[in-house]
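Residue numbers start from 1 in every chain, and the chains themselves are labelled A, B, ... in the order their sequence lines are given, proteins ahead of strands.
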Protein chains: 2
Amino acid sequence: MVRAAERDGHPPRTSVWLEGGAPLAGGGRGGGSRPSGLDRARITAATVRLLDAEGLAKFSMRRLAADLNVTAMSVYWYVDTKDDLLELALDAAFAEISPADPGPASASATPADWREELRALAGAYRALLVRHPWLSSLAGTFLNIGPHAVEFQLAVQRLVRRTGLSAGGQAGALSAVFQFVYGFGTVEGHFVQRCASAGMSQDDYYRRAMRAVTREPELREAVDGSADLRRARGDGTVEEIRDRDFAFALDLLIAGIETMVRRGE
Amino acid sequence: MVRAAERDGHPPRTSVWLEGGAPLAGGGRGGGSRPSGLDRARITAATVRLLDAEGLAKFSMRRLAADLNVTAMSVYWYVDTKDDLLELALDAAFAEISPADPGPASASATPADWREELRALAGAYRALLVRHPWLSSLAGTFLNIGPHAVEFQLAVQRLVRRTGLSAGGQAGALSAVFQFVYGFGTVEGHFVQRCASAGMSQDDYYRRAMRAVTREPELREAVDGSADLRRARGDGTVEEIRDRDFAFALDLLIAGIETMVRRGE
DNA sequence: ACCTGAACACCGTTCAAGT
DNA sequence: ACCTGAACACCGTTCAAGT
């Protein structure tokens, strides 16, 4: 493995994946001759665990090192900077939906309608963003061209190719669907996390936020209007309503794709 | 104005807007009796300026104080925490697309087709996210229920009400459109920023990232497939292609809405 | 090759004190 | 009412030194 901080002068690098070289492999040299049993994979796994448990804001190299029973500076042997490590964690999370191994769930015989598969992939991406709320910040901040993220992108591209859209249409549709899911999962993930850390149910927290908004007199009237709308939509918990909205939005996107295909553009 | 850090015990507050009280007003007491001319509005404006110039990562209370020619701790008289200040900056940015003042551009006589207005609002939101790349992180992290953000949300709700969708459909469509724009603008804004800070053109940076991805042998083939696709889409700079994708996605979303309306659901 | 300790230049925030 | 200075408990990262 290379201490990596060799590139001198040069414009500042902005991603582990640019001029990196087998980032996760750990140098290729077999197992356990290391004093503390450290390697990139173990460090990355610990990072993901800590990010899940305590959030991006509280994560630090020193906190991580403590978790690994090691000095803060040991980690720097395996990783150039904190940002590089976060990029590794980002890609590690994407491995969870990486369709490299189709698994027994999707019986390999049926090729499945693209509509079904779109719903499945979108749902998996949404679930990933909610399960790892820190992922959204990182996916937005970094280039996100690690192997697993790319694998995911390619799966999406293969899927969208089966819609019958033109080449240009495929790119636009891909963007419409998965940027939507990104936005939706981002907001949902952070909301869930904020409720948890405030020790409130999602419904209680939602009600509290609504009260705060309606305290502003100018907004009150306008928001009341949308309260009517909310009532007209039927009841349900915040979570149920969110699930319905997500499902409807996907239906809308699928209908949009079908219409664009029919229009031949 | 109240030193604010009065709420004792209590579950930790998670937003300036919850139990706040006229956050931007500055206490209501007229102009300039303050030694340093400081107030919330001035502090918030300086925050936005610094975030634009140096990014969220480099922003600090001490850096801000220096910019205001004041001790770091002076700011804490007007603001409880750094997070509260960031929420104020977030809402201040949303004021830029707040449609409170329709302006001379949209002649008040024509009520405009909802399709046109949707394109206008979506375009304005996208531009805002690209102009202030830090905004996306904050909008995702915080509740985003400041007065200007709410104003924007309500404008979107009014717009979507004119589509003819059912109440439930309106919420789903709103989500589909504006979460898409959020995702799109987030990625675009960060990409633009990263290119600038690496001192490269968007096209050069894109080519460099592509080369890095295609170095991985397993991915090479798959990515080459999408290179064909890219060629088939016709040429153009990264920016032109992005504009086309955005426009197509909006067309797709509008077509989807129309279809759902026709289906009566 | 891998790990440590001390050090540098930073953070956000509290608190007692000034005017 | 508003602002300051010193202090506390942190950061990411460098560097020389250990084994």
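- As rounded to whole Å, 13 Å separates atom P of D/dG5 from atom CZ of B/Arg62.
- The side chain of B/Leu38 lies closest to D/dC3 when the candidates are D/dC3, C/dC11, C/dA7.
- Taking side-chain N and O atoms only, B/Trp77 has no distance below 4.0 Å to OP1 or OP2 of D/dC3.
- Of all heavy-atom pairs spanning A/Leu90 and A/Leu138, the tightest one is CD2-O, 3.8 Å.
- If you take CZ of A/Arg42 and P of C/dC3, they are 10 Å apart, rounded to a whole angstrom.
- Dashed line: the shortest gap from a side-chain N or O of A/Thr71 to OP1 or OP2 of C/dT4 is under 4.0 Å.
- Here C/dC11 presents its P atom at 16 Å from CG of B/Asp83, a figure rounded to the nearest Å.
- The CE-P distance, from A/Met61 to D/dC10, rounds to 18 Å in whole Å.
- With both ends at atom P, the span from D/dA9 to C/dA9 equals 22 Å, rounded to whole Å.
- At a threshold of 4.0 angstrom between heavy atoms, the contacts of A/Met73 include nucleobase atoms, whether or not backbone atoms are also involved.
- Only one option out of A/Phe152, A/Phe184, A/Phe246 pairs with A/Tyr125 in a ring-ring contact (aromatic ring centres under 6.0 Å, His included); it is A/Phe152.
- Of the candidate nucleotides C/dC11, D/dT4, D/dC11, D/dT4 has the atom nearest to the side chain of B/Val70.
- One can place NZ of A/Lys82 at 12 Å from C1' of D/dC10, the figure rounded to the nearest angstrom.
- Put simply, B/Tyr78 has a side-chain N or O that comes within less than 4.0 Å of OP1 or OP2 on D/dC3.
- Distance, B/Leu86 CG to C/dG12 C1': 12 Å, rounded to whole Å.
- Ion pairing between A/Asp67 and A/Arg49 holds under the 4.0 Å rule for side-chain N and carboxylate O.
- Using a 4.0 Å heavy-atom cutoff across all strands shown, A/Ser74 reaches at least one base atom of the nucleic acid.
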### Task
Start with the C-alpha gap between B/Arg242 and B/Asp245, add the side-chain angles, then the distance that decides, and say whether salt bridge (Lys or Arg N to Asp or Glu O under 4.0 Å) holds.
CA-CA 5 Å; B/Arg242 210 165 40 213; B/Asp245 287 351; over 6 Å; no
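- Between the CG atom of A/Leu64 and the P atom of D/dT13 there is a distance of 12 Å, rounded to whole Å.
- For the residue pair B/Trp134 / B/Asp52, a side-chain donor-acceptor distance below 3.5 Å is found, with atom types taken as modelled.
- Using N1 to N3 plus N6-O4 or O6-N4 for Watson-Crick, or N1-O2 and O6-N3 for G-U wobble, each under 3.5 Å, D/dT19 pairs with C/dA1.
- Atom CD1 of A/Ile43 is separated from atom C1' of C/dC2 by 12 Å (rounded to the nearest Å).
- The pairing partner recorded for C/dA6 is D/dT14, the criterion being a Watson-Crick or G-U wobble arrangement whose two distances lie under 3.5 angstrom.
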